[in-house]
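What follows is a set of notes on a single structure, which appears directly below.
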Amino acid sequence: MNDELEYRAVLAVDIERSAGRGDRALLEIRARLTEMLEEAFEASGVDWSACLRHDLGDGLRVTAPAGTRKAALVHPLVPELALRLRTYNRGVAPLTRIRVRIALHAGDVHVSPDGTVAGSPLEVLARLLDAPPARAALAGAPETVPASLLLSGHFYDETVRHGHLGLFPEDFRKVGFTVKEHTADAWLQLPGRQPPAEAAPEPAEAQEEPAGSKTAGSKTAGSKTAGSKMVNKASGHGVVYATQHGTQHIRIERRH
């Protein structure tokens with residue numbers, strides 16, 4: 001056995017709700033996911049042919065080449081993959097749509113001459129991939145969100161925390177989880193999720209007019225005790241008065 005340890009970044013993806021789709025659909029989505037992963041790795045400057053890949057049945061584990069810049073596996077790789085998944089999902093039937101959970105970790109592993117990878121970092125990666133917070137976040141997200149991403153604390157501390165180009169710590173939230181014997185904190189993100197719309201700004205207050213002014217939308221100055229008063233013309237030859245505290249008074253002006 002090779003006793004030499006190599007520090008490697010490891011990534012795993014798992015297809016959400018893959019069970020029950022049938023063999024033909026599963027083979028199709030596995031093939032499409034592998035293609036999109038390869039494109040995302042290459043777009044991130046990581047040589048796909050130099051990666052060690054292992055089939056997980058309804059997903060894939062990828063061991064990056066030694067010396068790979070870990071930050072590149074978060075950005076641009078994850079946004080590149082999310083973009084491809086979202087574009088693909090627009091044009092296919094629900095049976096072959098793909099949403100995935102992505103997990104990232106790094107550590108010392110054994111790499112055999114035949115490409116077999118072993119070591120405790122792979123155990124941690126498997127637990128991250130099955131972590132309930134990542135499952136729940138993806139299940140509760142809109143269908144347009146194609147992935148959840150969970151980083152180990154080690155991976156986050158060495159990449160995202162420093163805010164390198166394209167990495168925004170505020171896009172992640174810390175979560176705790178227990179899977180089997182493994183209990184840990186990790187960092188969760190939903191790539192591609194649109195931020196909530198900002199609340200509409202409050203309308204600017206009208207400029208104060210001299211007391212007695214009845215210009216539409218104007219404010220009549222008053223004492224601090226009485227508060228301000230808004231005066232507006234109303235249809236039917238009326239005037240609407242609104243005090244600062246929201247009370248309205250409507251006076252009808254009758255023409256003789």
Side-chain angles (χ1 to χ4, degrees), residues 2 4-14 33-56 59-87 100-129 131 134 137-138 145-175 184-193:
N2 179 16
E4 292 296 324
L5 294 173
E6 297 182 20
Y7 183 81
R8 299 285 190 104
V10 287
L11 174 148
V13 294
D14 186 90
L33 175 59
T34 300
E35 289 176 1
M36 288 183 275
L37 269 172
E38 179 177 358
E39 292 172 359
F41 267 79
E42 294 292 351
S44 303
V46 182
D47 185 359
W48 179 253
S49 64
C51 293
L52 300 174
R53 305 183 294 276
H54 296 86
D55 192 345
L56 299 178
L60 201 66
R61 188 183 74 219
V62 182
T63 302
T68 297
R69 189 172 65 90
K70 293 195 301 299
L73 299 179
V74 182
H75 181 87
L77 192 150
V78 171
E80 289 283 348
L81 178 58
L83 175 63
R84 285 163 172 78
L85 286 168
R86 189 169 181 181
T87 302
V100 299
R101 298 189 311 280
I102 307 168
L104 275 167
H105 185 44
D108 292 332
V109 295
H110 296 273
V111 180
S112 300
D114 64 358
T116 300
V117 183
S120 59
L122 301 187
E123 296 175 6
V124 174
L125 184 69
R127 305 301 177 251
L128 289 165
L129 198 59
L138 186 59
V145 175
S148 67
L149 170 64
L150 195 63
L151 307 183
S152 68
H154 170 71
F155 203 102
Y156 177 90
D157 286 342
E158 292 200 343
T159 56
V160 176
R161 183 174 65 85
H162 301 289
H164 295 305
L165 182 64
L167 301 178
F168 300 93
E170 63 271 21
D171 290 348
F172 291 78
R173 64 183 176 92
K174 191 175 185 179
V175 297
D185 290 328
W187 293 86
L188 178 67
Q189 182 196 41
L190 288 176
R193 180 163 193 170

[atom2] on [Y] to [atom1] on [X], rounded to 0.5 Å:
X: His105; Y: Leu150; atom1: NE2; atom2: CG; value: 11.5 Å
X: Leu60; Y: Leu33; atom1: CG; atom2: CG; value: 7.0 Å
X: Arg69; Y: His164; atom1: CZ; atom2: NE2; value: 8.0 Å
X: Leu81; Y: Glu39; atom1: CG; atom2: CD; value: 10.0 Å
X: Phe155; Y: Leu149; atom1: CZ; atom2: CG; value: 8.5 Å
X: Leu138; Y: Leu188; atom1: CG; atom2: CG; value: 9.5 Å

*All salt bridge (Lys or Arg N to Asp or Glu O under 4.0 Å) counterparts of Arg101, not counting sequence neighbours*: Asp14, Asp130
Does [X] reach the side chain of [Y], with side-chain heavy atoms less than 4.5 Å apart?
X: Asp47; Y: Glu42; answer: yes
X: His110; Y: Leu5; answer: yes
X: Val124; Y: Val10; answer: no
X: Phe41; Y: Leu73; answer: yes
X: Trp48; Y: Arg53; answer: yes
X: Leu151; Y: Val160; answer: yes
X: Arg8; Y: Leu52; answer: yes
X: Leu104; Y: Thr159; answer: no

*Which atoms form the tightest heavy-atom contact between Pro169 and Gly163, and what is the distance?*
CD-CA, 4.2 Å
*Criterion side-chain contact (heavy atoms from CB on, under 4.5 Å) against Ser44, the qualifying member of Thr68, Val74, Val78, Leu77*: Leu77
*For Glu158, which residues count as a side-chain contact (heavy atoms from CB on, under 4.5 Å) partner, sequence neighbours excluded?*
Tyr7, Lys70, His154
*Tell me, please, which residues at least two apart from Ala126 pass side-chain contact (heavy atoms from CB on, under 4.5 Å).*
none
_When you measure from the side chain of His162 to the backbone of Asp157, do you find a donor-acceptor pair of N or O atoms at a distance under 3.5 Å?_
yes
*Phe172 ring center within less than 6.0 Å of Trp187 ring center*: no
_Glu80/Arg84 salt bridge by N-O under 4.0 Å criterion_ = yes
